[in-house]
Amino acid sequence: MALFQIFFFVVFSFISPLVQSSTSTEICPVFCGDKLIRFPFRLSNQPDRCGYPRFNLTCKNQTKTILTLPFSGEFIVENIDYLYQSIWINDPDYCIPRRFFKGLNLSGTPFEAQDLESYVFLNCSNGAIPKQLPQVRYISCLSGETFSVIAFPANRLDEYRSLSWTCMNIGKVLVPAWDPNYGMRLRLKEPDCLYCEIGGGNCMFKSDTGLDIRCSGGFRSGIPRSAIFGISFGVGIFLICVLRLVCHLRRKANNIYNDYQHHNLEISGPAVVRPRSATDDAKGLDGPSIEAYPITLLGESRRLPRPSDNTCSICLCEYQANEKLRTIPDCKHYFHAICIDEWLKLNAACPICRNTPQTSTPAA
Ligand SMILES: *[C@@H]1O[C@H](CO)[C@@H](O)[C@H](O)[C@H]1NC(C)=O
Ligand SMILES: *[C@@H]1O[C@H](CO)[C@@H](O)[C@H](O)[C@H]1NC(C)=O
Ligand SMILES: *[C@@H]1O[C@H](CO)[C@@H](O)[C@H](O)[C@H]1NC(C)=O
Ligand SMILES: *[C@@H]1O[C@H](CO)[C@@H](O)[C@H](O)[C@H]1NC(C)=O
């Protein structure tokens, strides 16, 4: 399945110029501040049929878009990514970790959190924390003048054992990937509008009743959808073959020139990610943004944080010692640098999980 998505996304970058957007009244587009709200979302004061059930938002003071979750309360909507079918929501006080503590309960919502990871939160008096700790997140919104709240992945508890003696453990919480400025990303579980959005169409209800959806507009000149899929597949396979060849040549070159690296070595630091707006969607990243993603030189052990990741999903080559891998900071998926760099130039989304991180200057 992941492979098919890759074909499709590579190809989408090629055929997107063929695509046109149709405007429609059935999807009731409306703005709240600078945010476009349209199907499957609607504003609560619009007719029910403008949106899918449970996708109603409110617009406060004509600027703030609010999502109300039945068991977790109100959140500010930072971004709706229609193409990748996800929504970024934040705490109205910009303290998303506080919401994790209250318990994020998504039952009864059409959303799901992804990449959940268990974090340990500690409350330390300021003198107790060394300046630079890898993988530690400083939670400024929960900290005070004399104490700081920090969090780190629970699977690294051993490394921070000494901290847990001097700090107060205030909880272990399952949290999705989050960013203090942009909150967290939730994926839409329904309706199934992905392929419609990819094709540049408008997803909407099929008729005046029921929950069936259809896609209006999209690919120009009436090319049948099956043909588009066929073309996509063909071009996709061709590209994969080219990338595969490049990987192969690259590996040969590596073997000749590069035989002294024995350890995995993180060369550049993690980048801060921000969600992309709907207008960025089909675009790739520029060189400096790609370069900001961390590079790892694979050592002889070829060990990666996730043992299942031993093959690059783009070229399907197994990783070899001394190869240069690049990580997408948000989702921590690894690829050959040479493969993902080409990919990111066309499409900023991670080919595996479709996260669409983009580098920006670290937030203060
Ligand atoms: C969303 O719509 C449902 C049913 O139409 C309603 O019960 C709920 O209060 C609405 N939520 C908001 C935030 O307006
Ligand atoms: C609405 O927004 C304006 C300008 O952004 C601000 O001055 C005003 O205080 C806001 N009103 C409320 C009720 O939040
Ligand atoms: C979410 O809250 C509801 C109502 O309090 C509860 O029934 C349900 O078990 C909770 N779900 C989770 C995953 O905690
Ligand atoms: C952290 O500890 C301080 C006192 O040491 C306390 O005042 C503060 O409320 C604690 N913060 C949290 C989030 O537990």
Side-chain angles (χ1 to χ4, degrees), residues 27-28 30-33 35 37-78 80 87 89-129 136-152 154 160 163-176 178 180 183-184 186-191 205 208-211:
I27 58 170
C28 323
V30 63
F31 277 91
C32 175
K35 258 168 225 76
I37 317 275
R38 62 171 172 87
F39 193 89
F41 292 93
R42 70 175 170 98
L43 289 182
S44 296
N45 58 9
Q46 290 183 297
D48 281 2
R49 296 296 287 179
C50 283
Y52 211 71
R54 303 184 296 175
F55 279 82
N56 46 342
L57 304 172
T58 38
C59 187
K60 277 205 179 147
N61 199 8
Q62 284 163 11
T63 51
K64 281 188 195 158
T65 314
I66 305 289
L67 171 70
T68 310
L69 301 180
F71 301 115
S72 296
E74 288 190 359
F75 289 84
I76 287 191
V77 176
E78 296 284 358
I80 301 176
I87 180 172
I89 59 172
N90 207 346
D91 179 48
D93 299 323
Y94 291 89
C95 194
I96 196 83
R98 182 179 292 142
R99 306 299 288 268
F100 299 147
F101 270 114
K102 284 186 190 160
L104 186 66
N105 182 336
L106 296 177
S107 6
T109 77
F111 311 112
E112 71 186 358
Q114 289 188 304
D115 298 323
L116 286 166
E117 196 173 358
S118 182
Y119 267 78
V120 173
F121 286 73
L122 299 180
N123 185 352
C124 305
S125 70
N126 272 347
I129 344 176
V136 162
R137 314 219 20 188
Y138 296 83
I139 320 290
S140 53
C141 65
L142 292 177
S143 301
E145 266 175 24
T146 55
F147 62 93
S148 300
V149 173
I150 60 171
F152 54 84
Y160 300 114
L163 272 184
S164 32
W165 294 331
T166 48
C167 304
M168 194 167 35
N169 189 329
I170 52 176
K172 185 166 147 186
V173 199
L174 209 53
V175 301
W178 93 90
M184 62 173 165
L186 300 179
R187 200 184 72 82
L188 315 190
K189 290 190 291 187
E190 54 172 25
F205 281 125
D208 289 341
T209 53
L211 295 182

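Remember, it's 1-based here, ligands and their atoms both numbered in the order they're listed. Computed from a predicted structure; not experimentally measured.
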Exercise. List in chain and number order the residues that pass salt bridge (charged side-chain N to carboxylate O under 4.0 Å, His left out) with E74, two or more places apart in sequence or in another chain; answer none if no residue qualifies.
Key: K60

Self-check item: N126 and S148: side chain donor to acceptor below 3.5 Å
Solution: yes

Quiz item: Could R99 and W178 be counted as a cation-pi pair, given that NZ or CZ must be under 6.0 Å from the ring centre and within 45° of the axis?
Solution: no

Quiz item: Atoms of ligand 4 less than 4.0 Å from N123 heavy atoms?
Solution: 1 (C), 2 (O), 3 (C), 8 (C), 10 (C), 11 (N), 12 (C), 14 (O)

Quiz item: Hey, what's the ring geometry for F121 with Y119, parallel, tilted or perpendicular (30° and 60° as the breaks)?
Solution: tilted

Quiz item: Polar-atom distance check: N56 versus ligand 1, any N or O pair below 3.5 Å?
Solution: yes

Practice problem: Give the minimum heavy-atom separation between C50 and F39, together with the two atoms involved. | Solution: O-CD1, 3.4 Å

Exercise. Mark up the atoms of ligand 1 that fall under 4.0 Å of a heavy atom belonging to S44, in ascending order.
Key: 12 (C), 14 (O)

Quiz prompt | Residues in the immediate environment of ligand 3 (any heavy atom closer than 4.0 angstrom) | solution = F71, N105, S107

Quiz prompt | Under 3.5 Å donor-acceptor, E78 side chain and G183 backbone | solution = no

Practice problem: Would you check if the side chain of S72 reaches a backbone N or O of N105 as a donor-acceptor pair within less than 3.5 Å? | Solution: yes

